Amino acid sequence: MPHKTRVLAVVGPTAGGKSDLAMALAQYLPIEIVCMDSMQIYQGMDIGTAKPTPEDRTRVAHHMLDVCTPHQAYSVAEYVEAADAAIAGIVVRGHVPVLVGGTGLYLRALRYPMTLGGGARDDAVRARYQQMLEKEGAQAVHALLHQRDPEAARTLHPNNTRRVIRALEVLEVTGQPFSSQRMPEEHEERYAMTVLGTQWPRPTLYERINLRVERMMQAGLVEEVRALLDSGVSPDAQSMQGLGYKEVIPYLAGQATREDTVELISRRTRNYAKRQLTWFNREPGLIWIDMKSQPQKEWAARIAARWHNEH
RNA sequence: GCCUUGGUAGCUCAGUCGGUAGAGCAGUAGACUGAAAAUCUACGUGUCGGUGGUUCAAUUCCGCCCCAAGGCA
């Protein structure tokens with residue numbers, strides 16, 4: 001049996017310095033970066049997603065950026081397939097694959113074999129349940145799920161209509177109950193992955209977020225969003241649900257002040273960072289890196305040394 | 001100086017016909033299997049501006065004071 005491919009992952013909340021740490025790592029290891037971010041996937045969304053700069057991309061090869069247009073909808077399953085291929089390519093080149101990003105579900109789907117609904121997706125079915133939801137309410141849809149897949153209904157809150165509908169969709173399209181998807185065991189890991197998480201004191205992290213939002217505005221976030229809308233991207237598009245995008249749309253329409261918009265983006269980004277922390281705190285084997293305890297360069301050197309030692 | 005309206009949770013405010021009060025947001029914790037920067041769940045004691053008075057009992061009624069906004073001089 002060939003042993004599993006070794007992969008490094010740098011995860012953590014937004015504005016936690018993941019990309020910077022990865023770039024610092026490049027001074028010690030021959031790395032290539034695989035971005036693990038559900039919004040950096042989209043072309044033309046650079047400022048709001050804090051996408052790595054062209055300079056960084058020249059210095060170190062980056063993968064999984066700009067893989068689809070903002071008009072399209074992207075999914076975890078597509079991500080896993082493409083990211084697997086990117087990792088394989090990096091290994092062939094004799095380089096070290098480094099996953100960098102804050103999308104917890106992408107990480108998990110890459111780490112473990114997950115059924116992800118067994119290849120099922122049907123917009124028509126989805127729309128039908130959506131209609132039922134609007135007509136009969138959340139309780140009715142949940143009751144239907146309870147009838148067809150009691151196990152799934154038990155674990156999903158009736159108000160979480162999005163996932164209740166998804167459960168119904170999977171059942172209908174695949175014939176397999178949503179609840180039959182199980183959490184894989186730890187030994188089923190698909191890679192030999194070292195997962196590092198950037199850690200900051202909460203107040204510091206929140207300050208970093210506030211600062212970053214202000215910088216994004218100064219860097220032209222509003223113009224970026226306007227350009228996307230002008231190019232025909234629907235405000236309802238999946239890409240426009242990204243933080244900083246959905247909030248700027250009302251501002252462009254004159255429905256909010258700049259000040260309120262900045263505050264709203266900052267607040268929601270802080271909320272998001274908290275959700276990411278909840279996710280990563282549960283991530284098996286994750287090693288938190290206290291970013292305040294020593295300079296980033298030191299951390300990069302240590303991580304590289306450890307990488308060699310474990311070889 | 002006078003009049004009016006306010007002063008209640010970190011913020012915006014509701015409320016108590018007198019029995020020490022509750023929403024939204026923030027915050028904290030959590031969930032998460034082809035939308036995940038999405039979606040969802042749980043958690044609300046604070047001298048009810050201060051001080052006297054009436055009362056068995058005052059955040060609530062009355063007096064005075066302080067602060068804020070507006071108006072009149």
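Bear in mind that the values here come from a model prediction, so they are computed numbers and not experimental data. Every chain is numbered from 1 and lettered A, B, ... according to where its sequence line falls, protein lines coming before strand lines.
Look at A:R275 and you won't find any side-chain N or O under 4.0 angstrom from OP1 or OP2 of B:rC32. One finds a side-chain N or O of A:Y106 lying less than 4.0 angstrom from the OP1 or OP2 phosphate oxygen of B:rA36. For A:Q241 and B:rU39, the shortest distance from a side-chain N or O to OP1 or OP2 is not below 4.0 Å. The phosphate of B:rU28 (OP1 or OP2) has a side-chain N or O of A:Y206 nearer than 4.0 angstrom. Applying the 4.0 Å criterion to OP1 and OP2 of B:rC25, one finds that A:N271 has every side-chain N and O outside that range. Proximity of A:T278 to the phosphate of B:rG30: a side-chain N or O atom is located under 4.0 Å from OP1 or OP2.
Computed from coordinates, the A:E263 CD to B:rU12 P distance equals 12 Å when rounded to whole Å. Summarising the geometry, the separation between CG on A:L133 and P on B:rU39 is reported as 14 Å, rounded to the nearest angstrom. We find that CG of A:D236 is positioned 14 Å from C1' of B:rA38, with the value rounded to whole Å. Put simply, CZ on A:R270 is 17 Å from P on B:rG10, counting in whole angstrom units. Rounded to whole angstrom, the span from the CD atom of A:E78 across to the C1' atom of B:rA36 amounts to 14 Å. In this structure, the CD atom of A:E169 is 10 Å from the C1' atom of B:rA35, given to the nearest Å. One can place CG of A:L156 at 13 Å from P of B:rC40, the figure rounded to the nearest angstrom.
One N or O on the side chain of A:N281 and one on the backbone of A:L277 form a donor-acceptor pair closer than 3.5 Å. The main-chain N or O of A:C35 is never found under 3.5 Å from a side-chain atom of A:H63 such that the two would form a donor-acceptor pair. The main-chain N or O of A:D290 is found under 3.5 Å from a side-chain atom of A:W299 such that the two form a donor-acceptor pair. No donor-acceptor distance shorter than 3.5 angstrom exists from the side chain of A:K4 to the backbone of A:Y191, with no hydrogens or angles considered.
Remark: the separation of the P atoms in B:rA69 and B:rU51 is 24 Å, to the nearest Å. Nucleotides B:rA23 and B:rU8, compared at atom C1', are 13 Å apart to the nearest Å. A distance of about 10 Å separates the C1' atoms of B:rU20 and B:rA57, rounded to the whole Å. Taking the C1' atoms as reference points, B:rU45 lies 37 Å from B:rA36, given to the whole Å. B:rC66 and B:rG50 have their C1' atoms separated by 7 Å, given to the nearest Å. Taking atom P in both B:rC61 and B:rC48, one finds a spacing of 15 Å when rounded to whole Å. Between the C1' atoms of B:rG6 and B:rC40, the separation comes to 39 Å (whole Å). For B:rU59 and B:rC13, the P atoms lie 23 Å apart once the distance is rounded to whole Å.
The only member of A:E263, A:E247, A:E214 that meets salt bridge (Lys or Arg N to Asp or Glu O under 4.0 Å) when paired with A:R258 is A:E214. Screening A:L133, A:V164, A:I165 for a side-chain contact (heavy atoms from CB on, under 4.5 Å) with A:H142, the sole residue that qualifies is A:V164.
Within the nucleic acid shown, A:T269 has no heavy atom closer than 4.0 Å to any nucleic acid atom. Within the nucleic acid shown, A:Q181 comes within 4.0 Å of at least one base atom, counting heavy atoms only. Using a 4.0 Å heavy-atom criterion, one finds that A:Y112 contacts no nucleic acid atom at all.
Across all strands shown, B:rC25 forms a Watson-Crick or G-U wobble pair with B:rG10, both key distances being under 3.5 Å. Using N1 to N3 plus N6-O4 or O6-N4 for Watson-Crick, or N1-O2 and O6-N3 for G-U wobble, each under 3.5 Å, B:rU5 pairs with B:rA68. Pairing partner, B:rA38: none, since no Watson-Crick or wobble contact has both distances short of 3.5 Å. Across every strand in view, B:rU51 sits in a pair with B:rG63 that passes the Watson-Crick or G-U test at under 3.5 angstrom. The pairing partner recorded for B:rG46 is none, the criterion being a Watson-Crick or G-U wobble arrangement whose two distances lie under 3.5 angstrom. For B:rC32, there is no paired base (Watson-Crick or G-U wobble, both distances below 3.5 Å).
Side chain of A:K246, nearest nucleotide from B:rA38, B:rU28, B:rA36: B:rA38. Nearest nucleotide to the A:R166 side chain, out of B:rC40, B:rU28, B:rG34: B:rG34. Residue A:K274 places its side chain closer to B:rA29 than to any other of B:rG34, B:rA36, B:rA29. Checking B:rC40, B:rG34, B:rC32 against every side-chain atom of A:N159, the shortest atom distance belongs to B:rC40. Comparing atom distances between the A:N160 side chain and each of B:rU39, B:rG34, B:rA31 picks out B:rU39 as nearest. Closest to the side chain of A:R162, out of B:rA36, B:rG34, B:rA38, is B:rA38. In this structure, the nucleotide among B:rU28, B:rG34, B:rC32 sitting nearest to the side chain of A:R282 is B:rC32. Checking B:rU41, B:rG34, B:rC32 against the side-chain heavy atoms of A:H157 singles out B:rU41 as nearest. Set against B:rU28, B:rG34, B:rA38, the side chain of A:L243 has B:rA38 as its closest nucleotide. Here the nucleotide nearest the side chain of A:R202, chosen from B:rA36, B:rU28, B:rG27, is B:rU28.
Between A:Y79 and A:Y106, the ring-plane angle classifies as parallel under the 30° and 60° cut-offs.
For A:Q276 and A:Y272, the side-chain atoms include at least one donor-acceptor pair closer than 3.5 Å.
Nearest-nucleotide positions on RNA chain B for A:V170 and A:T155 put A:T155 closer to the 5' end.
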